[in-house]
Amino acid sequence: MQDILIQRYLGNKSVLTSEIIDLVNDLASPGDLIFDAFSGSLAVSAALRAAGFRVACNDINHFSWSFARAFFTSSDLPLIDGVLPNQTSAAWDALIEELTSPYEATFPIDARRTDIFDHYCEEGERSSFVSKRGSEGRRRFFSAENGVLIDRALSRIRYYSLSGRFDEQVRCILTACLSNAVEKISNTQGTFHDFPRDFVDQRSLKRLRIRPPEVDYFKGPICEHIGRAEDSLEFARSVPRHRVLYLDPPYNFRQYTSYYFMLNLFSRYPEIQDLDEFFRKIEFVRGQNMEDDFKSTFCVKDKFIPSLKSLIERSDCEYVVMSYFDGRNHWGQFKSEEADTVGKRLLEEFFCGDTFVSGSFNCVPVTRTNYQSYGGYTAKAVQEFLFVARKAMRSEVSNNLRGHRWTGLNVA
């Protein structure tokens with residue numbers, strides 16, 4: 001189901017899922033619970049489900065919850081509008097087509113919102129901005145045509161959700177399909193933090209096309225523990241005992257709720273009680289309502305490792321697997337040989353500390369190409385590392401972890 005997920009996502013691990021699954025397979029068996037504590041685009045969570053693992057997931061981005069709620073909470077394409085099971089696919093096709101169609105006469109006038117066109121299209125009445133540095137301009141995340149189509153889709157999803165035509169899962173499927181389509185036609189270079197000022201991304205000139213969900217998107221064990229944009233440090237307390245805690249935390253100052261605020265807006269749109277008030281509070285060049293922002297302690301250099309330790313201690317897990325990218329991060333803001341290695345060294349020291357069983361640490365290097373947002377720019381080979389260790393338990397003496405041991409090479 002990777003093709004329905006958000007792809008232009010910083011740190012997306014879709015290219016590493018086979019290596020991650022291979023490693024988890026050494027630690028756990030299909031049917032075991034795995035906790036993806038920074039699920040983001042859900043690339044790893046989806047791969048784990050496809051491999052037969054039960055998944056618990058959370059991310060501070062609301063859209064991550066929406067995608068998980070859409071596709072991880074049932075094993076088949078859900079029924080809509082009371083249609084018969086053999087008519088389900090056709091009903092979904094019709095519903096998806098309806099989302100962006102011109103309004104029918106019976107659709108209420110006051111439910112026809114124009115928020116996206118008004119605020120995020122260059123032609124919109126409220127798209128003007130003044131940056132902190134004093135530059136002026138107009139937001140142009142979407143073409144005028146696509147702004148109108150997005151508004152129609154969001155207006156229908158919101159109205160039908162509030163009127164009871166859709167249940168929560170159907171609503172989330174629709175917003176997920178919309179977000180997937182918007183990603184392909186947005187005038188951005190990888191995130192929604194900004195838009196090109198001196199050119200237009202050619203992808204944004206294409207007409208929005210929403211694809212209906214496919215049956216294969218739902219295959220896998222049903223997910224019973226999905227965080228709704230919670231702080232993972234708190235959500236970890238609610239996840240029952242799990243075999244593996246998988247971590248891909250932010251390693252730098254980036255607040256991902258700012259980078260992906262537009263996707264969060266789409267997923268939250270039906271929940272916002274007063275949309276006029278909400279949009280009166282948008283700020284900055286990008287036009288984000290900062291009440292939706294979140295300042296993660298993982299995005300603060302001095303708090304990163306203490307936060308990591310707290311998260312692991314609060315998680316009732318047996319093993320920890322963590323992805324680490326040695327690019328620009330808390331310890332490598334300036335390119336140098338020392339900057340490239342200091343973060344890895346500090347994390348290795350942490351994984352060899354008393355949080356874990358002595359001698360259980362291993363580091364698996366994986367080479368991949370980085371994500372490049374500008375067309376024609378050659379992607380570079382970068383080094384990713386998968387850290388793995390067995391968590392030290394208070395009950396270690398009496399608990400044999402059900403006899404399961406990782407057989408990989410251990411590094412003291």
Side-chain angles (χ1 to χ4, degrees), residues 19-20 23-29 32-39 44 56-58 225 227 230-252 296-326 329-332 338-366 383-412:
E19 288 85 356
I20 294 169
L23 188 51
V24 172
N25 274 326
D26 284 339
L27 308 172
S29 301
D32 286 343
L33 181 63
I34 314 297
F35 175 27
D36 184 357
F38 299 91
S39 52
V44 173
C57 57
N58 178 66
H225 307 282
E230 297 186 39
D231 183 345
S232 288
L233 283 168
E234 299 303 321
F235 182 73
R237 303 179 192 271
S238 67
V239 179
R241 187 161 181 77
H242 43 288
R243 179 73 75 172
V244 177
L245 168 65
Y246 172 72
L247 300 173
D248 184 22
Y251 288 98
N252 52 42
S296 172
T297 55
F298 287 89
C299 293
V300 180
K301 179 180 179 180
D302 294 340
K303 296 180 179 179
F304 180 87
I305 290 182
S307 296
L308 183 63
K309 182 178 178 66
S310 295
L311 176 57
I312 294 170
E313 289 176 346
R314 294 175 184 183
S315 299
D316 191 5
C317 62
E318 298 176 9
Y319 296 94
V320 176
V321 174
M322 188 172 80
S323 296
Y324 171 69
F325 166 48
D326 70 347
N329 56 39
H330 286 315
W331 308 281
E338 181 181 0
D340 286 347
T341 60
V342 64
K344 180 173 179 287
R345 175 178 57 78
L346 290 173
L347 289 170
E348 286 176 338
E349 291 174 358
F350 170 73
F351 270 83
C352 290
D354 58 8
T355 302
F356 301 94
V357 174
S358 177
S360 68
F361 169 67
N362 191 36
C363 176
V364 180
V366 181
Q383 193 73 57
E384 191 100 22
F385 299 95
L386 297 175
F387 297 151
V388 58
R390 179 179 156 202
K391 181 184 174 183
M393 307 280 189
R394 290 193 181 95
S395 56
E396 191 71 41
V397 175
S398 60
N399 184 359
N400 66 1
L401 297 182
R402 300 196 295 276
H404 197 101
R405 290 290 185 274
W406 180 47
T407 58
L409 295 175
N410 292 329
V411 180

Return the CD1 to CD1 distance between Ile34 and Ile20, rounded to the nearest 0.5 Å. 12.0 Å
Can you confirm whether Glu349 sits close enough to Phe361 that some side-chain heavy atom of one is under 4.5 Å from a side-chain heavy atom of the other? no
Evaluation steps, side-chain contact (heavy atoms from CB on, under 4.5 Å), between Ser315 and His242: CA-CA 8 Å; Ser315 299; His242 43 288; 3.8 Å; yes
We want to know whether Tyr246 and Ser39 form a side-chain donor-acceptor pair, criterion being a heavy-atom distance below 3.5 angstrom. no
Do Val244 and Asp32 come close enough that some side-chain heavy atom pair is under 4.5 Å? no
I need the Ser323 OG to Leu247 CG distance, nearest 0.5 Å. 8.5 Å
Cys317 vs Phe35 side-chain heavy atoms within contact, under 4.5 Å: no
Using side-chain hydrogen bond (donor to acceptor under 3.5 Å, both in side chains) as the criterion, list what pairs up with Ser310, not counting sequence neighbours. none
Side chain to side chain contact (heavy atoms under 4.5 Å, CB included) involving Glu313 - partner list, sequence neighbours excluded: Lys309
Minimum heavy-atom distance between Ser307 and Leu233, given as atom pair plus value: O-CD2, 3.5 Å
So do Trp331 and Phe304 actually touch side chain to side chain, heavy atoms under 4.5 Å? yes
Check Arg241 against Asp316 and note the closest heavy-atom contact, atom names and distance. NH1-OD1, 2.6 Å
Would you check if Leu308 and Thr355 make a side-chain contact, meaning some heavy-atom pair closer than 4.5 Å? no
Output field: ring centroids Tyr251/Tyr324 closer than 6.0 Å: yes
Just do the side-chain contact (heavy atoms from CB on, under 4.5 Å) check on Phe356 and Ile312 with the steps written out, would you? CA-CA 10 Å; Phe356 301 94; Ile312 294 170; 3.7 Å; yes
Testing the basics here: between His330 and Pro250, what is the closest heavy-atom pair and its distance to 0.1 Å? NE2-O, 4.5 Å
For the side chain of Lys344 and the backbone of Phe385, is there at least one donor-acceptor N/O pair under 3.5 Å apart? no
So among Asn58, Val44, Leu311, which one has a side-chain contact (heavy atoms from CB on, under 4.5 Å) with Phe38? Leu311
